[in-house]
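Chain letters run A, B, ... following the sequence lines, proteins first and then strands; every chain starts at 1.
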Amino acid sequence: MTTQADGPIAAIDKLVIENEINRLLATYVHYLDDGKFAEIAGMMANASFDVLGDVATGRNEVAAFLQGGVQRHADGTPRTWHALSNILINVDPAGDRAASVSYFTVHQELEGLPLQPIVAGRYHDTFELHGGEWRFATRAIKARLIGDLRFHVATPIDPSKL
Amino acid sequence: LFRNLELWAPEPSAKSHLHPENRERSPESLFRHRASAAEASPKPAVEAGFTQEGKIMTTNTANGVSAIDKLVIESEIARLMATYVHYLDDGKFNDIAKMMAHAEFGMTGYTATGVEGVEGFLIAAVQRHEDGTPRTWHAVSNVLFDVQSRERATAVSYYTVHQELEGFPLQPISTGRYHDIFEKIEGEWRFVSRLLEPRLAGILINHSVAALEASKA
């Protein structure tokens with residue numbers, strides 16, 4: 001049942017940590033699609049956040065980054081729907097750091113834009129255990145497939161950065 | 001949205017090595033250490049799953065849900081959530097209704113209860129096409145679980161629905177959230193409530209009835 005994993009932490013430790021990290025990943029997108037940028041900035045208060053090479057670090061920069069970079073529409077939300085999948089988590093053998101790679105597939109719908117997929121890509125994340133809680137240490141967004149982003153990002157995506 | 005960190009079950013085989021001090025030890029010596037610590041203090045009153053040194057505690061939470069309980073419960077609930085969409089996309093409304101035998105099901109303003117009520121609701125609200133299915137594909141993601149006790153849990157999740165049928169090219173038609181409550185009834189985890197929160201809407205003429213579409217606004 002709780003056989004030893006590859007590293008010094010037990011298999012059960014690893015499952016618990018992965019569970020915590022899955023929750024952080026899901027919480028982020030719930031907040032994002034609800035337009036709760038301050039809450040995301042709180043999650044990223046000690047993290048650096050890299051979107052196609054532009055990096056924001058800490059709560060204030062991340063908040064400004066989201067406010068400046070992500071459009072919110074009449075209902076106060078980005079009108080997006082980020083579905084995460086294919087989450088790969090690696091827990092450091094010491095049990096206080098972890099990394100993950102996951103897929104996001106984003107749909108959007110608002111007046112003037114029928115429901116459609118607008119972007120797909122990966123989140124590359126690292127996490128750290130601090131004061132008994134797991135938190136983001138870094139998040140890098142790598143876009144792969146690009147649709148109509150006119151109503152999502154504030155500035156056009158530079159294809160050379162993909 | 002954040003739940004408290006959960007604690008560890010004091011399983012004899014649960015070898016927690018997360019503290020640097022523990023990494024030096026063999027699993028056996030660690031377990032002896034844990035056992036003696038447990039004897040000295042049978043039920044440490046701690047709020048979170050980690051001590052100040054960052055060591056995972058091998059005790060239960062106040063609500064009696066250990067870390068391993070929580071993982072097992074979440075796994076069972078995840079299975080219910082996945083089973084529901086498999087049945088739905090196969091048009092097996094009676095099977096869904098049986099899953100909802102103890103549940104309130106629907107969305108604000110349109111709910112049904114019990115096997116007959118839920119099956120009638122689905123038949124009235126969801127179109128089935130030539131192959132007997134809705135020709136939909138519900139992908140569930142971003143599940144946030146909250147295990148409240150050994151007998152009760154909630155979950156909020158995303159659905160993203162695509163559809164394709166004759167005259168209707170494959171496309172997304174709907175997204176939203178499921179808000180669920182589960183309880184362990186006679187030894188089995190069951191839905192006791194599933195309410196939909198529609199968010200983004202595409203072309204629903206081949207999926208739901210007009211009354212439900214109107215409720216999306």
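Considering A:F136, A:Y28, A:W134 in turn, A:F136 is the only one that fulfils the ring-ring contact (aromatic ring centres under 6.0 Å, His included) rule with A:F127.
A centroid separation of less than 6.0 Å is found between the aromatic rings of B:F121 and B:F105.
Listed by sequence position, A:H107, A:Q108 are the residues of residues 98-108 of chain A in contact with chain B, using a 4.5 angstrom heavy-atom cutoff.
Residue A:H130 does not touch chain B at all, counting heavy-atom pairs closer than 4.5 Å. Neither the backbone nor the side chain of B:I203 comes within contact range of chain A; no heavy atoms are under 4.5 Å apart. Only the backbone of B:V143 comes within less than 4.5 Å of a heavy atom of chain A; no side-chain atom from C-beta onward does.
A salt bridge does not link B:R190 with B:E183: every distance from a Lys NZ or Arg NE/NH1/NH2 to an Asp or Glu carboxylate oxygen is 4.0 Å or more.
Between B:S157 and B:M81, the closest side-chain pair of non-hydrogen atoms falls below 4.5 Å.
In summary, the side chains of A:R135 and A:N46 do present a donor paired with an acceptor at a separation below 3.5 Å, with no hydrogens or angles considered.
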Tell me which donor-acceptor pairs under 3.5 Å the side chains of residues 86-93 of chain B have, and how far apart each pair is, sequence neighbours excluded?
{"unit_1": "B:D89", "atom_1": "OD1", "unit_2": "B:T136", "atom_2": "OG1", "d": "2.8"}
{"unit_1": "B:D89", "atom_1": "OD1", "unit_2": "B:H138", "atom_2": "ND1", "d": "2.7"}
{"unit_1": "B:D89", "atom_1": "OD2", "unit_2": "B:H138", "atom_2": "N", "d": "2.8"}

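If you take CD1 on A:I21 and CG on A:L129, they are separated by 9.5 Å, rounding to the nearest 0.5 Å.
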